[in-house]
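Taking it in order: structure first as structure tokens, then the write-up.
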Amino acid sequence: MSAEADTTYSLSLILVSQQLEIQASEDSEAWKRFHHRHSSGKFFKERRYLLKEFPELVSCREFSKVLEVGCGNGSSVIPILRGNKDIIVYACDCSSETLERAKEIVHSSSIFAVQNRFHPFFCDFAFTGFPKWLVCDSCIESLSLKQQECASDVKEGGVADKSGSYLSRECGSCIGGVDFVSLIFTLSAVPLKKMSPAIMECFSVLKPGSLLLFRDYGLYDMTMLRFEQEKRVGFREYMRSDGTRSYFFCLDTVRDLFAGVGFIELELEYCCVKSLNRRKGKSMQRVWVHGKFQKPA
């Protein structure tokens, strides 16, 4: 390759990197504004159905660790903590303001030992990946090691970054990976081209044999049918007027995304619910995709 071609290639990489950074910033800002508008918590109802759909969260061993990705105001975190008094939840979001609100809501919910079992932290996982204290490089190479034998390369104590991160670290050691990752109406907000790397990040922090729990918008959900054509920004991908995006999944797309990074499919199906808006007298057809995937042991 000539020097001129090499320079052009390098400039192209820089431009792509800058474009991704701009997109990540725009997406994060859009969700920050979204959560700010709905900061009262009334917009998001507690997702009590999670324990019914994913009973493993109740029957798991003591002190199992859950990573809730895109926790919002804590609507998924609360039922998990309430349903299992021995489980530990690490929850991340791309908005530090939203994490503050989640912390307030969760800590005011009278959950047993919540101070020790709920650890929120800032992370835009689709663009930056997860922090090393979740699982260090030596653990990625051999997650069969016992947790106490794993020494992390991060410093002791929780340190807040410039975005106001909440970093929950245990005595300077990484936590050795997690037993569950929950992706509940989160992946659909990630740009399609970033979905596979984002799922790979989830794969990397799971212990062997552990589960990823998935629920998101399905093809022909009523919200998809309500979008105007000009809101379409990609294949089955739409952007709302507030700048937040949403993708609508078919089973084959979900299957390919998760199998592509090494997951084993345990459950994958549509969940169709017909509900009635009594105030407006309208029937609403909701379509969601339910999935359960396992990291090979």
Side-chain angles (χ1 to χ4, degrees), residues 12-35 67-72 76 92-95 98 122-130 181-206 212-265 267-272 286-293 295:
S12 298
L13 290 178
I14 292 171
L15 287 172
V16 169
S17 177
Q18 289 175 341
Q19 289 172 351
L20 288 175
E21 288 179 8
I22 292 170
Q23 184 181 60
S25 176
E26 290 176 347
D27 286 351
S28 295
E29 287 301 318
W31 283 108
K32 286 177 186 178
R33 293 191 297 269
F34 175 87
H35 285 292
L67 173 59
E68 162 68 2
V69 183
C71 65
S76 296
C92 69
D93 201 276
C94 64
S95 167
T98 301
F122 177 90
C123 180
D124 197 349
F125 82 115
F127 291 91
T128 63
F130 291 118
V181 169
S182 59
L183 273 178
I184 311 298
F185 296 100
T186 296
L187 192 62
S188 58
V190 174
L192 180 60
K193 62 185 177 182
K194 296 294 295 182
M195 286 184 187
S196 185
I199 295 170
M200 187 67 236
E201 282 293 317
C202 296
F203 186 89
S204 70
V205 299
L206 274 170
L212 185 144
L213 312 175
F214 178 81
R215 195 176 181 93
D216 219 319
Y217 296 110
L219 198 59
Y220 305 124
D221 178 67
M222 74 168 194
T223 54
M224 177 182 179
L225 300 178
R226 286 180 176 178
F227 273 114
E228 298 172 350
Q229 187 61 31
E230 57 265 27
K231 298 295 183 183
R232 184 176 175 180
V233 294
F235 183 63
R236 297 174 184 162
E237 189 174 14
Y238 296 80
M239 183 169 289
R240 303 176 183 89
S241 56
D242 61 6
T244 59
R245 66 179 68 235
S246 188
Y247 185 88
F248 295 88
F249 295 96
C250 69
L251 298 187
D252 286 341
T253 297
V254 176
R255 180 177 290 116
D256 291 344
L257 282 169
F258 284 91
V261 303
F263 275 109
I264 299 169
E265 177 187 321
E267 296 178 9
L268 183 60
E269 60 187 358
Y270 287 115
C271 178
C272 300
R286 306 310 310 268
V287 182
W288 301 306
V289 174
H290 163 96
K292 195 179 295 181
F293 302 90
K295 182 174 181 175

Practice problem: For Glu269, check salt bridge (Lys or Arg N to Asp or Glu O under 4.0 Å) against everything at least two apart and list the hits. | Solution: none
Quiz item: If only atom types and distance count, is the side chain of Thr186 paired as donor or acceptor with the main-chain N or O of Ile184 below 3.5 Å?
Solution: yes
Show me the side-chain donor-acceptor pairs of residues 252-259 shorter than 3.5 Å, one per line, residues at least two apart or across chains.
unit_1: Asp252; atom_1: OD1; unit_2: Arg255; atom_2: NH1; d: 3.0
unit_1: Arg255; atom_1: NE; unit_2: Glu265; atom_2: OE1; d: 2.8

Exercise. Please say which of Phe214, Trp288, Phe235 ends up in a ring-ring contact (aromatic ring centres under 6.0 Å, His included) with Phe249.
Key: Phe214
Quiz prompt | Minimum heavy-atom distance Gly70-Asp93, with the two atoms named | solution = C-OD2, 3.6 Å
Exercise. Walk me through it: do Cys202 and Phe125 pass the test side-chain contact (heavy atoms from CB on, under 4.5 Å)?
Key: CA-CA 9 Å; Cys202 296; Phe125 82 115; 4.0 Å; yes
Quiz prompt | Heavy-atom closest pair, residues Tyr220 and Val287 | solution = O-CG2, 3.9 Å
Quiz item: How far does CD1 of Ile199 sit from CZ of Phe263, to the nearest 0.5 angstrom?
Solution: 7.5 Å
Quiz item: Less than 4.5 Å apart, any side-chain heavy atom of Phe227 and any of Met239?
Solution: no
Quiz prompt | Other residues, nucleotides, ligands: >12 heavy atoms within 6.0 Å of Tyr270 OH | solution = yes
Practice problem: Please name all residues satisfying salt bridge (Lys or Arg N to Asp or Glu O under 4.0 Å) with Arg286, sequence neighbours left out, ordered by chain then number. | Solution: Asp221
Practice problem: Among Tyr238, Tyr247, Phe248, find the one that has a side-chain contact (heavy atoms from CB on, under 4.5 Å) with Tyr217. | Solution: Phe248
Quiz prompt | Closest non-hydrogen atom pair, Arg245 against Ala189 | solution = CG-O, 3.3 Å
Quiz prompt | Nearest-0.5 Å distance that lies between atom CD in Glu68 and atom SG in Cys92 | solution = 8.0 Å
Practice problem: To the nearest 0.5 Å, tell me how far Lys292 NZ sits from Leu213 CG. | Solution: 7.0 Å
Quiz item: Looking at NZ of Lys231 and CZ of Arg226, how far apart are the two atoms once the value is rounded to the nearest 0.5 Å?
Solution: 15.0 Å
Exercise. For Asp124 and Cys94, work out which heavy atoms get closest and say how close.
Key: CG-CB, 3.9 Å
Quiz item: Does the side-chain contact (heavy atoms from CB on, under 4.5 Å) test come out yes or no for Lys295 and Phe203, once each step is laid out?
Solution: CA-CA 7 Å; Lys295 182 174 181 175; Phe203 186 89; 3.6 Å; yes
Self-check item: Inter-residue atom distance Phe127.CZ - Glu201.CD, 0.5 Å rounding
Solution: 12.5 Å
Quiz item: Is there a donor-acceptor pair under 3.5 Å between the side chain of Asp216 and the backbone N or O of Leu187?
Solution: yes
Quiz item: Is a side-chain donor-acceptor pair under 3.5 Å present for Asp242 with Thr244?
Solution: yes
Exercise. Indicate yes or no: at least one non-hydrogen side-chain atom of Val289 is less than 4.5 angstrom from one of Arg215.
Key: no
Exercise. Could you pull out the closest heavy-atom pair between Arg232 and Gly234, with the gap in Å?
Key: NE-O, 3.1 Å
